[in-house]
Amino acid sequence: MLVRDAMSTVVLTIGPAHTLRQSARLMSARHVGAAVVLDEESSGLGILTERDILNSLAHGQNPDTETAGGHTTTDVVFAAPTWTLEEAAAAMSHGGFRHLIVLDGSGPVGIVSVRDIIRCWAPVRQQVPA
């Protein structure tokens, strides 16, 4: 199975000036655990995850003044839609992260998470009639 078969095509894109509270609200509303941070000035892509927000809060930082740009991971490992799920899982395991931005051509087309991969690998539960 390939990354394109498992990835979510719901890609939340935010700017580096979004506060962590704004970012968290957008992520929560879309039921996603990560947002792609697009910085027009540096023309680069980064990722902000729920763990980044949690770490900021754990350090007593104010989510209304801390920005996504200050907590964005910029040394991102990107996946291609044609990667196998094994390749994606290996990249996540090696890097110690749970999300990969999927790039196809010039921009992000999806995000694949550990949860997406597990969903594909785990057998479907059989419903027992009541």
Side-chain angles (χ1 to χ4, degrees):
M1 188 168 274
L2 302 178
V3 165
R4 74 170 145 242
D5 302 319
M7 72 182 189
S8 170
T9 56
V10 176
V11 180
L12 173 60
T13 303
I14 62 174
H18 278 81
T19 67
L20 292 186
R21 184 176 309 277
Q22 290 169 327
S23 302
R25 282 186 178 143
L26 291 168
M27 290 164 63
S28 177
R30 287 165 180 80
H31 306 288
V32 297
V36 173
V37 181
L38 178 59
D39 189 343
E40 298 286 339
E41 292 179 19
S42 72
S43 67
L45 292 177
I47 191 166
L48 179 74
T49 67
E50 55 202 357
R51 183 180 298 170
D52 297 323
I53 296 169
L54 181 67
N55 286 338
S56 174
L57 293 174
H59 286 97
Q61 296 174 334
N62 184 339
D64 294 313
T65 57
E66 291 295 315
T67 62
H71 297 275
T72 296
T73 300
T74 56
D75 59 340
V76 179
V77 175
F78 298 100
T82 55
W83 278 18
T84 65
L85 294 186
E86 288 80 7
E87 289 172 307
M92 289 179 193
S93 178
H94 178 74
F97 45 80
R98 299 178 296 166
H99 299 86
L100 285 169
I101 299 172
V102 183
L103 292 182
D104 191 13
S106 62
V109 294
I111 292 185
V112 65
S113 69
V114 169
R115 181 177 294 183
D116 296 326
I117 293 172
I118 290 170
R119 209 175 278 133
C120 291
W121 284 349
V124 177
R125 284 185 142 177
Q126 295 292 328
Q127 294 291 329
V128 178

Heavy atoms of M7 and G110 approach each other most closely as SD-CA, 4.0 Å
Nearest heavy-atom contact between A34 and L12 is O-CB, 4.4 Å
*With distance as the sole test, does T73 use its side chain to make a donor-acceptor pair with the main-chain N or O of V76 at under 3.5 Å?*
no
#### Entry: L103 vs L45, side chain to side chain contact (heavy atoms under 4.5 Å, CB included): CA-CA, chis, key distance, verdict
CA-CA 10 Å; L103 292 182; L45 292 177; 3.7 Å; yes
Smallest heavy-atom separation, G46 atom then T72 atom, equals CA-CG2, 3.6 Å
Next item on the list: Kindly indicate whether the side chain of V11, heavy atoms from C-beta on, has any atom under 4.5 Å from the side chain of T13.
Entry: yes
| query | Is there a side-chain contact between T67 and P16 (heavy atoms, below 4.5 Å)? | reply | no
The single option from N62, D52, L48 that satisfies side chain to side chain contact (heavy atoms under 4.5 Å, CB included) with L20 is L48
Same hydrophobic cluster for L2 and W121, using side-chain heavy-atom links shorter than 4.5 Å among ILVMFWY? no
Practice prompt. Report yes or no: does S93 contribute a side-chain atom to a donor-acceptor pair with the main-chain N or O of A89 at less than 3.5 Å?
Written response: no
On a heavy-atom basis, the closest approach of V3 and A88 is CG2-CB, 3.8 Å
### Message
I'd like to know if the side chain of H18 and the backbone of G15 have a donor-acceptor N/O pair within less than 3.5 Å.
### Response
yes
ILVMFWY cluster, V36 and F78 together (side-chain gap under 4.5 Å)
yes
* Asked: Do I101 and V32 sit in the same hydrophobic cluster, where Ile, Leu, Val, Met, Phe, Trp and Tyr count as joined when their side-chain heavy atoms come under 4.5 Å apart?
  -> no
Taking the side chain as everything from C-beta on, heavy atoms only, tell me whether W83 gets closer than 4.5 Å to V112.
no
Applied to residues 109-118, the side chain to side chain donor-acceptor pair (under 3.5 Å) test, sequence neighbours excluded, yields S113-D116, D116-R119
> Is S8 reaching over with its side chain to a backbone N or O of V10, donor-acceptor style, under 3.5 angstrom?
Replying inline: yes
Smallest heavy-atom separation, L85 atom then C120 atom, equals CD1-CB, 3.7 Å
Rounded to the nearest 0.5 angstrom, the CG-CD distance for N55 and Q61 is 9.5 Å
For V77 and L100, the nearest pair of non-hydrogen atoms, with its separation, is O-CD2, 3.2 Å
Co-membership, hydrophobic cluster, residues M1 and I117, 4.5 Å side-chain | yes
For this session: Could you walk me through whether T49 and I47 pass the side chain to side chain contact (heavy atoms under 4.5 Å, CB included) test, one step at a time?
Result: CA-CA 6 Å; T49 67; I47 191 166; 4.1 Å; yes
Distance col, row T19:OG1 vs R21:CZ, nearest 0.5 angstrom, shows 7.5 Å
NE2 (H71) and NE2 (H59) are apart, to the nearest 0.5 Å, by 10.0 Å
Treating Ile, Leu, Val, Met, Phe, Trp and Tyr as nodes and any side-chain heavy-atom pair under 4.5 angstrom as an edge, say whether I111 and M27 lie in one connected cluster. no
- Message: As a quick check of understanding, evaluate side chain to side chain contact (heavy atoms under 4.5 Å, CB included) for I14 and Q22, giving each step before the final call.
- Response: CA-CA 9 Å; I14 62 174; Q22 290 169 327; over 6 Å; no
Q.
Quick one, H99 and R51 - any side-chain contact, counting heavy atoms below 4.5 Å?
A. no
To the nearest 0.5 Å, atom CG of D5 lies from atom OG1 of T84 at 11.0 Å
- Message: Is any side-chain heavy atom of R30 closer than 4.5 Å to one of L26?
- Response: yes
